[in-house]
Amino acid sequence: MVVIDAHTFIGESIYFRRKKFTDEDLLNIMDKNGVDMAVVVAPPPGPYYDNGNKYVYEATRKHDRLIGVYRLNPWFGDSELEKAKKAISEWGFKALYIDPQNESFSITSPVVKPVIDLAEKLDVPLYIKSAQSRFYSPEGVVFLAYMNPNVKFITGKSSIAAMLLNRSPMAQNLQNLFLETFPLKGGHQGIDRFLKHMPETMDPNRLIFSTQTPFGHVELELKTIEFTGLDESYKRLIMGENVKKLLKI
């Protein structure tokens, strides 16, 4: 079974314990835990990500096990969109990435629409970083997915978003919304509980394994998946096949 971590960070950040979490640091963790490939993105905070994206690009050029996602700040408008377009078409990045909390915009703000339109034009997924924040809401992500059926959205907070999917009358129209497993543990509505009932409630093709390393813990996330008791066919989808299809890798 191929294991792909669909959301990790490499580069420099004030949020990292050692300030810089390198591609080699990530690969060492992957090797210790049997992770075959990882999707990498520049870490917060912004507002500028040129250097962070450059580091991600260089890491993906050195290591074919790393897949780059381009992080952009929608407040910078057309110039930022041009950089993103070049990153996808010329540099080999596989998706776009926005972070409402760190860049201080609502996910339903007008500044987001040009990014969504670009993702549709380039036919790449759009990551939306989830957070406990007034700038991010699961309902807002569901709204974006519903209003933009030709764009594939990837987001976290899976336990919350999954409940919206399963209980909302729009659920059947949200085949373009993909949910990360991270964090697998947490509260009485943890995604680990949801996973055990997933075959009854949700299409397993729409869930992808992620750890958000170095903020998350690979070993813990892998163990929780193991203990859910999911059928091996579901595990193969979640652990790698879904994100391979999404990012065309």
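In this text, all values refer to a predicted model and were calculated from it rather than measured experimentally.
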Under 6.0 Å between ring centres: does that hold for His217 and Phe215? no
Can you find a pair of side-chain heavy atoms, one from [X] and one from [Y], that are under 4.5 Å apart?
X: Glu80; Y: Val115; answer: no
X: Arg71; Y: Phe9; answer: yes
X: Phe21; Y: Leu26; answer: yes
X: Val69; Y: Ile67; answer: no
X: Met147; Y: Ile116; answer: no
X: Asn176; Y: Asn150; answer: no
X: Tyr146; Y: Leu174; answer: yes
X: Leu66; Y: Met30; answer: yes

Should the ring pair His7 and Tyr97 be called parallel, tilted or perpendicular, given that the plane angle runs from 0 to 90° and is split at 30 and 60? perpendicular
Applying a strict under-4.5 Å side-chain criterion to I, L, V, M, F, W and Y, I'd like to know whether [X] and [Y] cluster together.
X: Leu81; Y: Tyr127; value: yes
X: Trp75; Y: Leu144; value: yes
X: Ile4; Y: Leu237; value: no
X: Tyr15; Y: Phe135; value: no
X: Ile98; Y: Leu96; value: yes

Minimum heavy-atom distance between [X] and [Y], given as atom pair plus value:
X: Ala119; Y: Leu126; value: CB-CB, 4.3 Å
X: Thr60; Y: Gly68; value: CG2-N, 3.4 Å
X: Ile238; Y: Asn242; value: N-ND2, 3.9 Å

Evaluate whether atom [atom1] of [X] has more than 12 neighbouring non-hydrogen atoms of other residues, nucleotides or ligands under 6.0 angstrom away.
X: Lys62; atom1: NZ; result: yes
X: Asp231; atom1: CG; result: yes
X: Glu24; atom1: CD; result: yes
X: Lys129; atom1: NZ; result: yes
X: Met1; atom1: CE; result: yes

Any carboxylate oxygen within less than 4.0 angstrom of a Lys/Arg side-chain nitrogen, looking at [X] and [Y]?
X: Lys85; Y: Glu82; value: no
X: Lys83; Y: Asp50; value: yes
X: Arg65; Y: Asp31; value: yes
X: Asp117; Y: Lys113; value: yes

Residue pair Asp99 / Tyr136, side-chain donor-acceptor N/O under 3.5 Å: no
